[in-house]
Amino acid sequence: MSKPSIPQGTRDFSPEEVRKRQYILNTLKNIFELYGFQPLETPSMENLVTLTGKYGEEGDRLIFKILNNGLHEKKEEDKNKLNAEWNNVLSRPYSSPVVTERALRYDLTIPFARYVVMHQNELAFPFRRYQMQPVWRADRPQKGRYREFWQCDADVVGSTSLINEAELLSIYMEAFDKLKIPVKVKINSRKILSAIAEYCGAPDKLVDITVAIDKADKIGQVGVLNELYQKGLSDDQIAKVNYLTFFIRESILTQTPIITDIAENKSQNGLDILEQEFERNNIKIGLEGINEIRKTIDYFTVLAERKNFKSSIEIDMTLARGLSYYTGVIVEVVCAHPDVKMGSIGGGGRYDDLTGLFGLKGLSGVGVSFGIDRIYDVMDELKVFPEQLAVGAKAMLVNFGGDNETYALQVLQQIRVAGVAAEIYPDAAKFDKQMKYANKRGFAYVLLPGDEERQKGMVSVKNFTTGEQKMLTIADCIAAIKG
RNA sequence: GAGGUUGUAGCUCAGUUGGUUAGAGCAUCAGAUUGUGGUUCUGAGGGUCGAGGGUUCGAGCCCCUUUAGCCUCCCCA
């Protein structure tokens, strides 16, 4: 017999892990609902054509394709065609509807866009939804990267107001406060990045510049500049990128803060300098980006007035985000605790015209995503999960068999009716064995409904932490367990 | 797509320059203990050493092939 195993890049979640994950999901769900977002779920699989071409060339290769079941190949000629196409499919990345026409969900954004387009006549815009579901990628797994993982998104479509951006920032703040993770929310605008490309006379290199800057945290300033050099930017252009991003950021970080810290109400000097540069060179898009960030932060400041958020927001022009569909304000969340080395635990931004891919033009959206696997790891490291999550049922009834078993079942339902989670040991096994089981499961109380207890209509209650034991009436027993 | 590394009991791992019958801890089961758990103590079961081939008198160990996991880069969450 071969050893059982699970597919590469997938995980089992133990009862304890599921409880912790659900704690995160429930916390987020409550906040989304509080902010007026509606839940949405889409199928695990989509039609392959819905997904292909949406995530770039690399993305297409990472889509998990589902093999057709052969339901359609009734005729002999169809079967022959299938065999022929098979040979093509085996030479990736070719795919054919004859062999595969469905694929597993790759993210939540594209299915959301598809949903909005399909239901555009029923929906009341602006439509705000949240969605928490697993997605699948045929990636090579490594630490913190899986083939099946959960995404947790909140988006608004059909509104260009920057109030939406501010609300999503507020959701981030509220969520990470609730989860007790100190964070830094970084904010920037794609328009500023476009302006930087324009400023150094290489608007065609926008993507290269964006991708390079996005790596700033990982490979550092020198690394970014090197990559720009390799992408063919001139020394002069590189110097300009350097000036607008790192130099301003760095010099002002050490002297006057370019970083805007809402909580401490520091100045926005960095933006002012950028603004002057863009004005002098008449780069409109850059000025737009700066205005959007200012306005977003103005709105957010109002939202934050009564909330007393613990974390801060920083404007950071080295924030780029890899995804290509963002067009406006972009945000990213990193853990601010000095001991935690973890990449971003959340991110998002505005994307104009996402639904245009499916033929519905002119619908702007903005959304954020929570990386719940990483959030889980951070919370585990910081030990900020509530302790009572660990145990399920609070009490266990020992099974003494015979009449006592019947009596135990009666007691069991009485205390459950009172709202106390309890279970009975289902077999009249040796006392020792039952106690050991109770110990391992970590029940707070063990109830002993034996001969004497049954005759008196009572039950012995053993506090499993202190070892103390008393015979009580059922009502007193319930009261004791409820504390 | 490129590279590194590891597969030995249910789990975590030892195993010497190749040498008798492959070990430990944990877990499981049984007993000390038939209404009192955690700590002990005693005993038991459990292995095609990832798979296939080769070298050798002899392979867990050396060589070749293959497969699976983990990790790094690319990319991404």
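The structure displayed is predicted, hence computed values, not measured ones.
With sequence neighbours excluded, no residue satisfies side chain to side chain donor-acceptor pair (under 3.5 Å) with A/D60. Legend: residues meeting salt bridge (Lys or Arg N to Asp or Glu O under 4.0 Å) with A/E452, ordered by chain and number and at least two apart, are A/K456. A/T355 is linked by a side chain to side chain donor-acceptor pair (under 3.5 Å) to nothing, counting only residues two or more places apart in sequence or in another chain. Listed by chain and number, the residues in a side chain to side chain donor-acceptor pair (under 3.5 Å) with A/T42 are A/Q131 (sequence neighbours excluded). Checked against side chain to side chain donor-acceptor pair (under 3.5 Å), A/T466 has no partners two or more places apart in sequence or in another chain. Residues meeting the salt bridge (Lys or Arg N to Asp or Glu O under 4.0 Å) test with A/E453, sequence neighbours left out: none.
The P atoms of B/C26 and B/A44 are separated by 16 Å, rounded to the nearest whole Å. The separation of B/U66 from B/G1, taken at their P atoms, amounts to 16 Å, rounded to a whole angstrom. B/C41 sits 47 Å from B/G4 when the P atoms are compared, rounded to a whole Å. Annotation: B/G60 and B/U8 have their C1' atoms spaced 7 Å apart (nearest Å). Nucleotides B/G38 and B/U17 are separated by 48 Å at their C1' atoms, to the nearest Å. Comparing the same atom, P, in B/U28 and in B/U21 gives a spacing of 33 Å after rounding to whole Å. If you take atom P in B/U12 and the same atom in B/A27, they sit 15 Å apart, rounded to whole Å. Across the P atoms, B/G10 and B/C49 are found 12 Å apart, a figure rounded to whole Å.
Among B/U28, B/C75, B/G1, the nucleotide with an atom closest to any side-chain atom of A/E58 is B/C75.
Outside the 6.0 Å centre-distance limit, the rings of A/F13 and A/Y376 are not counted as a close aromatic pair. No close placement of the A/Y407 and A/F400 rings is indicated, their centers lying 6.0 Å or farther apart. Aromatic ring centroids of A/F37 and A/Y130 lie 6.0 Å or more apart.
For the pair A/R140 CZ and B/G4 C1', the interatomic distance rounds to 11 Å; values are reported in whole Å. Taking atom CZ of residue A/R147 and atom P of nucleotide B/A77, one finds them 17 Å apart after rounding to whole Å. Rounded to a whole Å, the CH2 atom of A/W136 is 15 Å from the C1' atom of B/A77. Look at CG on A/D427: it is 17 Å from C1' on B/U34, rounded to the nearest Å. Here the C1' atom of nucleotide B/A77 and the CD atom of A/Q133 are 16 Å apart, to the nearest Å. Note: CD1 (A/I63) to C1' (B/C75) measures 15 Å, nearest angstrom. Taking atom CD1 of A/I345 as the reference point, atom C1' of B/C76 lies 17 Å away to the nearest angstrom. Between the CD1 atom of A/I6 and the P atom of B/C11 there is a distance of 13 Å, given to the nearest Å.
Taking both residues in full, the closest heavy atoms of A/G457 and A/I474 are given as O-CG1, 4.0 Å, listed atom of the first, atom of the second, then distance.
Among the heavy atoms of the strands, none lies under 4.0 Å from A/G59. A/R137 comes within 4.0 angstrom of a nucleotide base, judged by non-hydrogen atoms across all strands.
Comparing A/Q8 and A/Y106 by the nucleotide of RNA chain B whose heavy atom lies nearest to each, the residue mapping closer to the 5' end is A/Q8.
Every pair passing side-chain hydrogen bond (donor to acceptor under 3.5 Å, both in side chains) that includes a residue from residues 172-181 of chain A is listed here, sequence neighbours excluded: A/Y35-A/E174, A/E174-A/K307. Each salt bridge (Lys or Arg N to Asp or Glu O under 4.0 Å) pair with one or both residues in residues 370-381 of chain A, not counting sequence neighbours, appears once here: A/R11-A/D373, A/K20-A/D380, A/R21-A/D373.
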Which dot-bracket string describes RNA chain B (Watson-Crick N1-N3 plus N6-O4 or O6-N4, or G-U N1-O2 and O6-N3, all under 3.5 Å; [ ] crossing; | other strand)?
-> (((((((..((((.....[...)))).(((((.......))))).....(((((..]....))))))))))))....
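No hydrogens or angles were tested; on distance alone, a donor-acceptor pair under 3.5 Å links the side chain of A/R145 to the base of B/C75.
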Footprint string (nucleotides 35-51 of chain B, 5' to 3'): B base within contact, S backbone only, - free, heavy atoms under 4.0 Å = BBBS-------------
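In the region residues 20-29 of chain A, proximity to RNA chain B at under 4.0 angstrom, judged on heavy atoms, holds for none of the residues.
One finds no side-chain N or O of A/Q142 lying less than 4.0 angstrom from the OP1 or OP2 phosphate oxygen of B/C71.
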Would you list the atom pairs, donor with acceptor, under 3.5 Å between side chains in residues 345-352 of chain A and any protein atom, with sequence neighbours excluded?
unit_1	atom_1	unit_2	atom_2	d
A/R350	NE	A/E165	OE2	2.6
A/R350	NH1	A/S159	O	3.0
A/R350	NH1	A/S364	OG	2.7
A/R350	NH2	A/S159	O	3.4
A/R350	NH2	A/S161	O	3.3
A/R350	NH2	A/E165	OE1	3.0
A/R350	NH2	A/E165	OE2	3.4
A/Y351	OH	A/D155	OD2	2.5
A/D352	OD1	A/S364	OG	2.9
A/D352	OD2	A/T327	OG1	3.2

